[in-house]
Engineer: 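First, the structure itself, so that you have it in front of you.
It should be emphasised that the depicted structure is a prediction, and the values quoted were computed from it without experimental measurement.
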Amino acid sequence: MSVVADTIFPVRYEQLEELAKQKMAKEVFDYVQSGAGAEETLRANRQAFEQWKIVPRFLKDVSKLSTKVKVNGTEFDAPILLAPIGMQGIVHNEGELATARAAAKENLPFVASTVSSYSMEEVAAESSGDKWFQLYYPDDPDLLKSLVGRAERAGFSAIVVTVDTGMLGYRERDRSNGYSPFLLGKGGANYKGDSVFSERMNRSSSFLEEMKKVFYKPSLCWQDITYLRSITTLPIYLKGILSAEDARTAADSGIQGIVVSNHGGRQLDGCLASLDALSSIKKEVGDELTILFDSGIRRGSDIVKALALGADAVFVGRPYLYGLATDGESGVQSVLKQLKEDLFISLSLAGVASIKELDENWIQQA
Ligand SMILES: Cc1cc2nc3c(=O)[nH]c(=O)nc-3n(C[C@H](O)[C@H](O)[C@H](O)COP(=O)(O)O)c2cc1C
């Protein structure tokens with residue numbers, strides 16, 4: 001256990017969130033914790049986990065259980081990835097640098113956001129761990145090529161295209177607080193150092209005006225994914241898929257996988273819980289695509305449920321960000337260590353001898 005300002009690092013997620021809250025300005029905490037609209041989807045994500053129950057099997061030899069899995073061709077300590085979270089500098093001055101170091105120490109991949117507080121080259125230089133690049137597909141084909149080329153050269157091993165953010169969700173708490181880290185320019189590091197973006201800047205009056213022009217691409221559609229496929233050899237994952245129909249089109253687009261996600265309830269309020277989308281997607285494309293999952297993972301038993309319903313691995317978001325806010329790199333590492341141990345114990349107690357055998361026979365609706 002690490003000691004955080006006279007306090008033992010919290011074991012319980014609820015305590016960690018409370019401690020992180022004390023470390024952040026109110027508007028920053030609200031930005032991190034909140035969902036869009038009435039937060040119906042934010043709540044649904046958690047309710048869905050509570051509505052599925054694990055059916056354990058006993059008197060099975062689980063003494064050889066390992067949580068190690070191969071994802072995107074590389075073996076990791078556990079089926080856990082650190083979700084792309086933009087602008088981590090708002091919760092800790094070392095931001096993504098600290099997160100990347102912690103992920104590498106725990107042998108888990110870190111997915112760096114397009115709107116990071118540090119550039120992808122700075123993040124890449126910080127740790128030798130496996131890193132993926134999350135792409136907000138820009139509304140400028142030259143900038144697209146430039147960002148993807150930089151990710152390739154910096155050694156990122158996959159591109160994760162977020163498809164659920166053609167525009168920002170209607171986030172009521174942020175609007176009430178009048179707070180937008182985006183408009184404060186907090187996520188600009190990857191743009192500031194970019195040659196294509198710099199050229200645009202030379203022709204423009206303000207950094208933010210240019211950001212606003214290229215950042216959102218409400219016209220993003222399947223042809224753009226086909227185009228991206230043609231300009232990079234990196235594996236591509238689409239983040240934000242919630243229907244079997246979209247998963248089918250994704251599989252037919254020659255990409256590597258999808259992330260079943262509703263962006264942690266931050267985009268379309270009123271949409272279904274990610275967990276409730278998994279099973280039908282697994283049936284549709286389980287044999288063709290790697291299926292990753294996020295939105296609502298807080299504990300090891302949540303990961304067991306997501307894997308049982310068809311995920312190959314999960315992304316974790318807010319938990320590690322609260323670790324970062326609380327105690328920097330060491331806080332992120334504590335969160336990851338706890339999740340790994342909790343997952344190992346939960347799998348063992350469920351009678352899972354090998355992660356490969358975990359399927360929907362292990363789960364039923366409450
Ligand atoms: C503060 C914050 C910032 C985020 N920034 C991004 C981002 O830049 N790109 C992205 O694809 N997803 C972003 N997400 C969504 C996460 O990648 C992930 O989908 C979500 O946090 C998962 O839900 P969880 O927090 O319940 O684990 C962000 C989430 C939070 C909480």
Engineer: Does Trp222 belong to the same Ile/Leu/Val/Met/Phe/Trp/Tyr cluster as Leu144, with side-chain heavy atoms less than 4.5 Å apart forming each link?
Structural biologist: yes
Engineer: Going by atom types alone, do Thr290 and Asp312 pair a side-chain donor with an acceptor below 3.5 Å?
Structural biologist: no
Engineer: Please determine whether the number of non-hydrogen atoms from other residues, nucleotides or ligands lying under 6.0 Å from atom CD of Gln33 exceeds 12.
Structural biologist: yes
Engineer: Quick check on Glu245: does its CD atom have over 12 non-hydrogen neighbours (other residues, nucleotides or ligands) under 6.0 Å away?
Structural biologist: no
Engineer: I want to check something: taking the side chain as every heavy atom from C-beta on, are Tyr216 and Thr165 in contact at a cut-off of under 4.5 Å?
Structural biologist: yes
Engineer: Decide yes or no on side chain to side chain contact (heavy atoms under 4.5 Å, CB included) for Val55 and Ile363, but give the supporting numbers first.
Structural biologist: CA-CA 5 Å; Val55 184; Ile363 194 151; 5.9 Å; no
Engineer: Side-chain contact, heavy-atom cut-off 4.5 Å: Asn262 with Asn45?
Structural biologist: yes
Engineer: State plainly whether one hydrophobic cluster holds both Leu268 and Val259, where clusters connect Ile, Leu, Val, Met, Phe, Trp and Tyr through side-chain heavy atoms under 4.5 angstrom apart.
Structural biologist: no
Engineer: Just by distance, do the side chain of Lys131 and the backbone of Ala100 share a donor-acceptor pair under 3.5 Å?
Structural biologist: no
Engineer: Below 4.5 Å, heavy atoms only, C-beta onward: do Phe344 and Leu65 meet side chain to side chain?
Structural biologist: yes
Engineer: In a check of salt bridge (Lys or Arg N to Asp or Glu O under 4.0 Å) between Asp30 and each of Lys21, Arg171, Arg173, which one passes?
Structural biologist: Arg173
Engineer: Carefully, step by step, assess Leu336 and Leu82 under the rule side chain to side chain contact (heavy atoms under 4.5 Å, CB included).
Structural biologist: CA-CA 9 Å; Leu336 298 177; Leu82 286 80; 4.0 Å; yes
Engineer: Contact between Arg150 and Phe156 at the side-chain level, heavy atoms closer than 4.5 Å - yes or no?
Structural biologist: no
Engineer: How about Ile303 and Ile297: do any of their side-chain heavy atoms sit closer than 4.5 Å?
Structural biologist: yes
Engineer: Going through the checks in order, is the side chain to side chain contact (heavy atoms under 4.5 Å, CB included) test met by Lys60 and Glu357?
Structural biologist: CA-CA 13 Å; Lys60 285 184 65 191; Glu357 68 175 353; 2.9 Å; yes
Engineer: Cation-pi check, Arg266 to Tyr31: give yes when NZ or CZ is under 6.0 Å from the six-membered ring centre and within 45° of the ring axis, no otherwise.
Structural biologist: yes
Engineer: Counting neighbours of NZ on Lys70 that are heavy atoms of other residues, nucleotides or ligands and sit closer than 6.0 Å, is the number greater than 12?
Structural biologist: no
Engineer: Any chance the side chains of Asn190 and Thr114 put a donor and an acceptor closer than 3.5 Å?
Structural biologist: no
Engineer: List for me each residue that meets ring pair (Phe, Tyr, Trp, His ring centres under 6.0 Å) alongside Phe215, sequence neighbours excluded, and say none if there are none.
Structural biologist: Tyr136, Phe182
Engineer: In plain terms, say whether Glu284 and Arg248 are close enough for a salt bridge, that is, a side-chain N and a carboxylate O under 4.0 Å apart.
Structural biologist: yes
Engineer: Taking atom types as modelled and ignoring hydrogens, do the side chains of Gln51 and Arg46 form a donor-acceptor contact shorter than 3.5 angstrom?
Structural biologist: no
Engineer: Check step by step if salt bridge (Lys or Arg N to Asp or Glu O under 4.0 Å) holds for Lys213 and Glu210.
Structural biologist: CA-CA 5 Å; Lys213 277 188 213 150; Glu210 280 313 300; 2.8 Å; yes
Engineer: Under a 3.5 Å threshold, yes or no: a donor from one side chain and an acceptor from the other, between Tyr320 and Gln88?
Structural biologist: yes
Engineer: Report yes if some heavy atom in the side chain of Leu184 is under 4.5 Å from a heavy atom in the side chain of Met87; otherwise report no.
Structural biologist: no
Engineer: Compare all side-chain heavy atoms of Trp132 with those of Pro84 and state whether any distance is below 4.5 angstrom.
Structural biologist: no
Engineer: Could you tell me whether Lys105 and Glu329 have a side-chain N and a carboxylate O separated by less than 4.0 Å?
Structural biologist: yes
Engineer: Just so I know, are the side chains of Phe9 and Val335 near enough to count as touching, which here means a heavy-atom distance under 4.5 Å?
Structural biologist: yes
Engineer: Looking at Arg318 and Val32, would you say the former's side chain and the latter's main chain have a donor-acceptor pair under 3.5 Å?
Structural biologist: yes
Engineer: Could you check whether Lys192 makes a cation-pi contact with Phe207, meaning its NZ or CZ is under 6.0 Å from the centre of the six-membered ring and within 45° of the ring axis?
Structural biologist: yes
Engineer: Step by step, would you call Leu19 with Gln15 a side chain to side chain contact (heavy atoms under 4.5 Å, CB included)?
Structural biologist: CA-CA 6 Å; Leu19 191 57; Gln15 279 177 328; over 6 Å; no
Engineer: Using a 6.0 Å cut-off, check whether atom CG of Asp287 has over 12 heavy atoms from anything other than its own residue.
Structural biologist: no
Engineer: Around atom NZ of Lys217, are there more than 12 heavy atoms from other residues, nucleotides or ligands closer than 6.0 Å?
Structural biologist: yes
Engineer: Side chains of Asp194 and Ser146: do they bring a donor and an acceptor to under 3.5 Å?
Structural biologist: yes
Engineer: List in chain and number order the residues that pass side chain to side chain contact (heavy atoms under 4.5 Å, CB included) with Ser354, two or more places apart in sequence or in another chain; answer none if no residue qualifies.
Structural biologist: Lys356
Engineer: Kindly give the heavy-atom pair with the smallest separation between Leu358 and Val304, and that separation in Å.
Structural biologist: CD2-O, 3.8 Å
Engineer: So does Glu288 have more than 12 non-hydrogen atoms from other groups sitting under 6.0 Å from CD?
Structural biologist: yes
